[in-house]
Amino acid sequence: MKYLCLVYLDEKNLDTVPDSECIACGEALRRSGHSIAAEALQGVHTATTVRVRNGKMAVTDGPFAETKEQLAGFYLIDAKDLNEAIQLASKIPPARVGSVEVRPIRELSAT
Amino acid sequence: MNEGSAAVARATAEAIYRAESRRVFATLVRLLGDFDLAEEALHDAFRAALEQWPRDGVPENPRAWLVSTGRFKAIDGIRRQARFVAIDDVAEQVDAIPDDASPLDGESIEDDRLRLVFTCCHPALSPDAQVALTLREVCGLTTEEIARAHLVPASTVAQRIVRAKAKIRDARIPYEVPAPPELPQRLDSVLRVIYLVFNEGYSASSGSSLTRVDLSGEAIRLGRLLVGLLPEPEALGLLALMLLHESRRSARASPTGELILLNDQDRSLWNRDQIREGSALVEVALSSRRIGPYAIQAAIAAVHAEAARPDVTDWIEIAGLYDVLLRAEPSPVIELNRAVAVGMRDGPAAGLVLIDTILERGDLHDYHLAHAARADLCRRLGRTAEARTSYERAIALARQEPERRFLQRRLAELHD
């Protein structure tokens with residue numbers, strides 16, 4: 001089963017976790033066969049929000065909601081069940097200073 | 001089969017339902033991988049038992065019969081729905097159900113009960129949902145009974161349970177006993193749920209308790225189940241703690257529902273059997289050398305239980321145990337309890353210094369029992385004006401009516 005681990009961090013804590021640690025974490029997950037994709041994101045000041053209402057596109061600056069913790073990156077992992085996903089998520093370095101939201105992937109149904 | 005033995009078979013089926021339904025359910029959840037499917041299969045199996053046992057006799061192993069009948073009925077149900085879904089999906093769903101050649105011996109069935117407990121108390125579920133799901137699925141209470149016990153509408157409880165089951169299914173919370181590295185943390189969550197259930201029953205035991213299920217009794221039953229399945233020191237400690245608290249039930253409130261403090265309780269009303277059992281469990285838990293907060297609290301309750309009169313209470317032992325507890329689980333409330341014990345051991349002045357330090361820090365500023373404890377120490381020191389101020393503050397903060405009335409009586413008894 002696939003889980004998306006969303007890494008949230010207070011922007012002022014972004015520098016507290018060195019990139020080298022995150023690279024090592026991504027490599028470890030790839031080696032154990034759990035990683036599908038993992039990326040870090042640019043700061044929230046670079047974000048653009050897109051909505052379509054009544055067929056018209058509206059583009060606004062910034063994220064949908066102003067919160068203290070910002071989405072800083074993600075890991076798409078393959079785990080046996082939620083327990084394994086939680087164990088893997090706890091190894092993601094920013095879990096120590098921010099938080100990691102673990103969300104199961106929903107299979108879209110064609111019918 | 002004649003009329004008489006048919007009636008016996010029917011009575012047997014009903015007795016087995018009462019004693020075994022949660023065990024059978026726990027195994028069906030493992031086999032079918034879904035709570036709702038298992039619940040339906042359980043009811044189908046018992047309906048079949050009520051039909052067949054009076055006619056054909058009670059099977060040799062009723063529990064195994066119920067499990068395999070439930071499993072069969074579930075597969076049958078999935079196949080019947082096949083008309084509405086793609087054949088591939090049905091085949092996949094049926095194939096995923098393990099055959100019941102898997103052993104149904106006592107041990108694997110008990111493992112299923114433990115799996116059920118750990119799944120219902122999974123920390124990924126909200127605390128409210130953990131409690132509701134445990135009472136529903138492990139204890140077998142109805143949604144209405146759980147709602148009455150928590151004084152919330154039945155629809156609220158039903159929604160909590162539906163959401164929790166959806167999360168178990170959609171996020172794939174596994175049906176398993178956690179592996180040793182995760183066990184201590186996961187056990188904490190199970191113990192917390194059981195203690196929460198116990199305390200709700202304990203604090204609600206006065207007033208409108210007649211129509212409410214005995215949550216304390218359910219919690220003790222859960223505690224016994226857990227100790228039987230997983231005799232970890234803290235599980236023993238929690239069961240001991242609950243038994244020792246429960247032993248004072250009939251002494252802790254007057255017939256009119258007025259609160260009676262430990263000091264003023266008629267100790268002849270204490271339940272000796274529960275004290276004996278609780279104290280023995282404390283001994284076992286303490287001898288494990290892996291002592292946790294529940295076992296220490298139980299040890300404190302046991303010291304109180306051993307005193308024939310309040311004035312022979314071993315306050316040196318109790319204050320010492322609070323030191324250990326404070327190291328194991330630092331919290332302002334434990335610090336407050338320790339201060340009260342020190343006040344008993346070294347005199348009220350020593351206790352007052354400690355309580356004032358806690359209050360000055362602001363931690364328990366709005367906690368009525370901190371002000372009630374301070375009031376009591378001031379009263380014993382003859383500092384009546386201060387005692388009055390503290391009682392008034394405690395009364396303003398107390399939320400439960402019997403507690404408020406108790407504090408008001410104490411305030412009225414103060415002499416200028």
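Order of the sequence lines sets the chain letters (A, B, ...), proteins ahead of strands, with each chain counted from 1. These numbers come from a predicted model, not from an experiment.
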Query - A:L88 side, atom CG; A:I77 side, atom CD1 - distance, nearest 0.5 Å - result: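 If I round to the nearest 0.5 Å, the distance is 4.5 Å.
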Requested in this report: State the CG-CG distance between B:D111 and B:L229, to the nearest 0.5 angstrom.
Outcome: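 Here the interatomic distance stands at 8.0 Å.
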Report task. Report yes if the side chains of B:L187 and B:E232 come closer than 4.5 Å at any heavy-atom pair, otherwise no. Result -> yes
I'd like a table of the N/O donor-acceptor pairs between chain B and chain A - cut-off under 3.5 Å, distance only.
unit_1 : atom_1 : unit_2 : atom_2 : d
B:H122 : NE2    : A:N83  : OD1    : 2.7
B:A171 : O      : A:Y3   : OH     : 2.7
B:R172 : O      : A:L82  : N      : 2.8
B:R172 : NH1    : A:K80  : O      : 3.4
B:E176 : OE2    : A:N83  : ND2    : 3.3

Report summary line: Cut-off 4.5 Å, heavy atoms of chain B, and the answer for A:I105 is neither
Requested in this report: Using the six-membered ring of B:F25, assess whether NZ or CZ of B:R22 lies under 6.0 Å from its centre and within 45 degrees of the ring axis.
Outcome: yes
Requested in this report: Determine yes or no for a side-chain-to-main-chain donor-acceptor pair under 3.5 angstrom, with B:E234 supplying the side chain and B:A295 the backbone.
Outcome: yes
Report summary line: Applying side chain to side chain donor-acceptor pair (under 3.5 Å) to B:H365 and not counting sequence neighbours gives none
Query - Portion of B:A124 that has a non-hydrogen atom of chain A nearer than 4.5 angstrom - result: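 Answer is side chain: those atoms of B:A124 sit under 4.5 Å from chain A.
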**Report entry** Derivation of the side chain to side chain contact (heavy atoms under 4.5 Å, CB included) call for B:L222 and B:V138
**Finding:** CA-CA 8 Å; B:L222 272 171; B:V138 183; 3.6 Å; yes
